[in-house]
Each structure stands twice: as C-alpha cells, then as structure tokens.
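Everything below concerns the one structure shown next.
All residue numbers in this chain count up from 1 along the given sequence.
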Amino acid sequence: MHIVNRGARMHGLSGWSVLYFGAALVLWLAASLAHAQGWPLSQLLAAPGTALDLTENGVKVDTIRKAWVERLDRVARQLGTTYRAPAPERFLARQAGGPNAFVTLRRDGRPILVMNLAMLHMVGDDDDKMAVVVGHELGHIEAHHLKNGPERDAMVTFLAILAGATVDSVEAYKGRDTHGAGQQLAAVSARLVNAKFSRDQEREADELGLRHMTAAGYDPSAAPRFWRQMEATFNGGDGLWLSSHPSSEERLQNMAALARTLQPVARVSPSAPATPPDLVEAASPPAIPSPAWARATPGDSAAPQYRLPAVADTFPLSNYPDYAIRKSEPASPTLETYKRGVAKINAKDFVGGCQDLEAGAQSDDDRILTQLGHCYLTGKGGSVNYARAQMFYRRAAAHGFTPAIAALGQMAYAGQGGPRDVSAALRYAVIAHHRGNPHATALLAQMISEGAGLPKDPAVARLYAEQAAKTGDLLGKTVLGVYLRDGVGGPVDEFTGFGLLKDAADSGYGPALLQLGIAYERGAGTGVDRDRAIALYRAAANSGVPDARDRLKALGVSD
C-alpha cells in the first residue's frame, strides 16, 4: 500500500504563509531538518497491507512494516494510561540524521509525539524498546519540562509542522474547507520544538519513563539494552536524540541500576479478553518458577511463581507420540512412503520429498499429514498454501498428533491462513506443551514475552525458551537465540545467541534464517555483513517467512 504525503501541496490556503515563515526559520536554524516530511499515524493505521510504501510527490522514500506503526500506537496508548494523560497525537517523520523523537503540547494541552523513521526502524520490532522511547518523551511532559523554558535553546521542528499539516493539506487537496485549521496548526507548530533540555531534566525523564513503562507491563531491562544500541548506532557520539542528554555510558549504568529495582506488572491487551475462551482457572498445571535474579526485589524472600491457565484437552491420543520411526513398526507401503519422503527432505530435495508425502496423504498417517502441513506452510513443496497446511494439520490433530496441535497454535498466533487468534493459539500451545511438545513450549515463550493472552514476564519467557532449546527444537533455539542476543529476560549474550541462531538456520529453518540475517545486519555476535544478511533474508523469504521480504524492502533490495 502506498501512503502518499501531500504535505507540500499547500498553495492557495489562507493562513499558510505562517507555515512558510516557519519553514524559512527552520532552514535558518537547522539545515539538517530542511527536508523533513511527516505522516499521521491515523492515516497509516487505516491503510491496508502489512508493508507500507511511504511516498513524497510520487517518489518512494521508505518502506515500513505496518506492525511497527501498530506497535507505536499501542505502546503510546498503553503508556498514556499510566501517565493518566490523553494518548498523544502520533506522527512519523522523515528526517536526516540518526534515530530521533520529539514531544510537545498543543494549545489545549494535548501531547504530540513525533518519531522519525530511523528510530522506528531501530525499535520497531521490540515493544519494550518502543516503550523506552515513548516513556522518556512523555516523562518530559509529566515533569512540565516543556513549560520550564526550553525556548532558551530550541530549534523549531519543521518535520512536526509538516506532520501536523498533512491531514489539513490532504483535505484541501480534495477540495474541502479547513475552516481556519491552518491558523490553528500554525499556533501549534510554533510550539513544536526539538528542546535541548538540561541534563538533569533528561535524567528525570529517563526515570519517569522507566517507572511508567514498568507500571504498564513493559520490561525495564530494555532501557539499558536500548541505550547500548544507541551508543553503537552513533559510535559513541551524540546524534540528535543525544545532543544534550547524559552520556550513553552514564545512562547505561543509571538505567541498569534502576531496572534492577523494578518489577513489571502483568499487562493484558485491551483488545484481548483476560480469560480467553476454553480456559479455566489455573489449578493443576505445573508451575515454572521465575528466577530470583530477574523478579525478586530488595527484601523479597522468594520470587513469585508463574502458572499457565488450565485448558481442557479434548484431543485423543495419536498412535504416534512424535515423528520417530519405531523399530517395532511393521513394514507397510505407508511407512515406506513416509521414510522416502523424509529422506528426500533431509537431503534438501524438498519438492521431491513433499510430492512423495502427498502420494501418501490418503493413508491418514499422522506423521505424513503433519509433514505435508510443513511443506505447504514453508512453501518448500513448491509454494506457500496456508489453507492446505491448516487442512493437513487439522486432520492430524483430529487424531491427537501433538506436533500438529502445536503447529496449529503457531499458525493461529502468526495469523497464517486467517486473522490472528491469540485465544486459539494459547489453547493449542498449552495442550501441546503439557503433552511435552517443545515447539509448543517455545511458542508459549513468545506469547509470555509479548504479553499475548498471558501475563507478560520476559524472565519466565526466557526459561520456557531454554527448556525448548535444550531438546533441540528449532523454534526453541531461535527464540532463545533472539533473547540472548537482545537481552530479553536476562543478561545479553550475543555470541551464544548468534551460535543458537546459526545452528537453527543451518537446518534451513525459516525464522532462524531471518533472525540470523538480523544479527549480521546489526553486527550482533558477529561482524556487520550486509551482503550475508541479504542472502539470509532471501533464504527466509523463500522459506515462507513474510517478515523477511519486509527486511529486504527496508534495505532497498528485491527478493
């Protein structure tokens, strides 16, 4: 979907001369912002598609994932509840330089938040890092820093002027009367500034942001991770967002010390029910303890326990507990078909292997059906077909084959073959997890980490991922590799994380190929290698991972 910025089409509107004056002032005060452009989040959220091409005057300037826009919107609203303030009006902006964000107030006191595309690309995959940025900016508002004289050292921000102007200019372009909105916007834009607050004010905003993001259910350990990434981005220099802030090293120390004293609370998405259908009160399922180093606060005698909800397991038990072939199995044409198909797949002859398995689909063998589901889910049999993948998984799950139940959970959670269904994903995952399926355990790790249908707890998510990875499950290795690389739920260990991702990627596992590409792109646990990252993204795209195509587009490369 192409999102067009018509912010430049302002001719003929009364009152817009104020904005032209503002533009001239920007050129005089901050030449680096002269080409800034903006898009209201409301416009982006209404656009269809998973990837949004941002254009100016018919020329594409960037491609962003809609999921990032949705994440920014969700995080800003969630944090707005802890600040007890209206959710800020939200804009994205194109701006020269590195990652940046701005905040100001309208005349009526409503907050306005602007994030540039570089910052969105940096934190767009991570709710917690997004909360660090948004929380810090709202901290300036709560502490009344905008009313304490930032005008003494400020740049008027043209990107915010254009961001605010976009809606009115689009309306004018359509021939609609703005009823003096240009004059009102000019008054707002006059207050839109990239304020160089004092270092003490920045420290105060840091602390307020961290406390509020924790109260909103986000992981406070993301703050030191974010500042470590910012420091790497600017190679120890300042950058726009760091121009008057405390040093990155000081921030790392301060944020890490404060994060250790905070404990995130459970957060339930407003759009999801607290108790999904088919779930009952937790009672018998085993508890996984949260480690003391991650959850205990000073004075606590022990860390709290984490329990999954109980789920009614109505599936029968399959004749096969997993994919393995038992020595006691009698020879049969179905068994030979299964052996032949799997042997070809293991030899990287995916098309041939999937064709052999297709020939045995009428046998209703659970292992053949589930492997066929994998063929269509990943596209290795020729093309991705979510409907057929789901059909084969459902046939095997109806017999009680646990890996097929886990696969249905993964599809429901990813929204493959239909709208994303967190409730169904949770039901499938809990059932398969209690049956001992490590893939389901890894899926639960993702859900716990993201607070999807379950209380958010990154430390417990890391324990689940470790449990799955120890069995050799590829999703478990991938999830744990990401957590170690990014410091989710515990200390950062980029090198071990990289090793896990590489191990899973070497098996041709699509999500691992994607995450290994991200590691090479960022230089996390290895040297920066853009060409290697592109090759991995292409391999992931060919394995049916849609996010890989978004990564390639962001790098300006076709798949």
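Residues satisfying the side chain to side chain donor-acceptor pair (under 3.5 Å) test with Arg395, not counting sequence neighbours, are Asp364. Remark: Tyr428 engages no residue in a ring-ring contact (aromatic ring centres under 6.0 Å, His included) (not counting sequence neighbours). Asp365 is linked by a side chain to side chain donor-acceptor pair (under 3.5 Å) to Tyr320, counting only residues two or more places apart in sequence or in another chain. Residues satisfying the side chain to side chain donor-acceptor pair (under 3.5 Å) criterion with Tyr520, sequence neighbours excluded, are absent altogether. Taking Phe350 as the reference, nothing meets the ring-ring contact (aromatic ring centres under 6.0 Å, His included) condition, with sequence neighbours excluded. Every ring-ring contact (aromatic ring centres under 6.0 Å, His included) that Tyr393 has, sequence neighbours left out, goes to His374.
A 4.5 Å side-chain heavy-atom check between Glu89 and Leu41 finds every atom pair outside the cut-off. Val69 is listed as a side-chain neighbour of Ile64, based on a closest heavy-atom distance under 4.5 Å. When side chains are defined from C-beta on, Pro491 counts as touching Arg462, because their heavy atoms get closer than 4.5 Å. Asp127 is not listed as a side-chain neighbour of Gln78, based on a closest heavy-atom distance of 4.5 Å or more. Between Pro511 and Leu514, every side-chain heavy-atom pair lies at or beyond the 4.5 Å cut-off. Counting heavy atoms from C-beta on, the side chains of Leu444 and Leu454 come closer than 4.5 Å. Inter-residue side-chain proximity for Trp68 and Leu72 is flagged as unmet; no heavy-atom pair is nearer than 4.5 Å. Between Thr337 and Ser363, every side-chain heavy-atom pair lies at or beyond the 4.5 Å cut-off.
In this structure, the side chain of Asp128 engages the main chain of Asp219 through a donor-acceptor pair within 3.5 Å. The main-chain N or O of Ala539 is found under 3.5 Å from a side-chain atom of Ser543 such that the two form a donor-acceptor pair. When atom types are taken as modelled, the side chain of Thr370 and the backbone of Arg367 share no donor-acceptor pair closer than 3.5 angstrom. Tyr338 places a side-chain N or O within donor-acceptor distance of the main-chain N or O of Tyr323, the cut-off being under 3.5 Å. Within the 3.5 Å criterion, the main-chain N or O of Val528 finds no donor-acceptor partner in the side chain of Arg530. Remark: the backbone N or O of Leu335 is paired with a side-chain donor or acceptor of Ser332 at under 3.5 angstrom. Between the side chain of Gln371 and the main chain of Ile368, no donor-acceptor pair closer than 3.5 Å is present.
For His399 and Phe315, the gap between ring centers reaches or exceeds 6.0 Å.
With values rounded to the nearest 0.5 angstrom, Tyr537 atom OH is found 11.5 Å from Leu513 atom CG. Note that CZ of Arg394 is 11.5 Å distant from CD1 of Ile405, once rounded to the nearest 0.5 Å. Taken to the nearest 0.5 Å, the CG atom of Asn319 stands 11.5 Å off from the CZ atom of Arg326. From Glu70, atom CD reaches atom OG1 of Thr50 across 9.5 Å, with rounding to the nearest 0.5 Å. One distance of note links CG of Leu117 with CG of Asp62; it measures 5.0 Å at 0.5 Å rounding. Separating the CG atom in Asp550 from the OG1 atom in Thr63 is a distance of 8.5 Å, to the nearest 0.5 Å.
Of the residues Arg71, Arg420, Arg74, the one that meets the salt bridge (charged side-chain N to carboxylate O under 4.0 Å, His left out) test with Glu450 is Arg420.
Across every non-hydrogen atom of Gly409 and Ala425, the tightest pair is O-CB, 3.4 Å. Leu426 and Gly453 get closest at one heavy-atom pair: CD2-O, 3.6 Å. Between Leu408 and Ala397, the shortest heavy-atom distance links the atoms CD1-CB, 3.7 Å. Contact record, Met119 with Asn116: N-OD1, 2.9 Å, taken as the closest heavy-atom pair. The nearest pair of heavy atoms linking Leu516 to Phe498 is CD1-CE1, 3.4 Å.
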Atom pairs and distances, side-chain donor-acceptor, residues 339-349, under 3.5 Å, sequence neighbours left out:
from, atom 1, to, atom 2, distance (Å)
Lys344, NZ, Asp356, OD2, 2.9
Asn346, ND2, Val342, O, 3.4
Asp349, OD1, Gly352, N, 3.0

Under 3.5 Å donor-acceptor pairs involving side-chain atoms of residues 503-510, not counting sequence neighbours:
from, atom 1, to, atom 2, distance (Å)
Asp503, OD2, Lys477, NZ, 2.3
Asp506, OD2, Lys502, NZ, 3.2

Between side-chain atoms of residues 478-486 and protein atoms elsewhere (two or more places apart, or another chain), which donor-acceptor pairs fall under 3.5 Å?
from, atom 1, to, atom 2, distance (Å)
Thr478, OG1, Leu474, O, 2.8
Tyr483, OH, Ala445, O, 3.1
Arg485, NH1, Gln515, O, 3.0
Arg485, NH1, Gln515, OE1, 3.2
Arg485, NH2, Gln515, OE1, 3.0
Asp486, OD1, Arg522, NH1, 3.3

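For the residue pair Asp473/Thr471, the side-chain donor-acceptor check at 3.5 Å is not satisfied. For the 3.5 Å distance criterion, the side chains of Tyr376 and Glu358 qualify, holding a donor opposite an acceptor. Using modelled atom types and a 3.5 Å distance limit, the side chains of Arg427 and Thr314 yield a donor-acceptor pair.
Taking the charged nitrogens against the carboxylate oxygens, Lys553 and Asp53 have no contact shorter than 4.0 Å, which rules out a salt bridge. Ion pair Arg435/Asp313 flagged as a salt bridge, since at least one NZ, NE, NH1 or NH2 atom sits closer than 4.0 Å to an Asp/Glu carboxylate oxygen. In summary, Glu521 and Arg532 do not engage in a salt bridge, as defined by a charged side-chain N under 4.0 Å from a carboxylate O. Between Asp547 and Arg551 there is no salt bridge, since no side-chain nitrogen of the basic residue lies less than 4.0 Å from a carboxylate oxygen of the acidic one.
Applying the disulfide bond (SG atoms under 2.5 Å apart) test to every pair with at least one member in residues 311-413, sequence neighbours left out, gives these pairs: Cys354-Cys375. Applying the disulfide bond (SG atoms under 2.5 Å apart) rule to pairs touching residues 429-483 yields nothing, sequence neighbours excluded. Applying the disulfide bond (SG atoms under 2.5 Å apart) test to residues at least two apart or on different chains, none of the pairs has a partner in residues 386-422.
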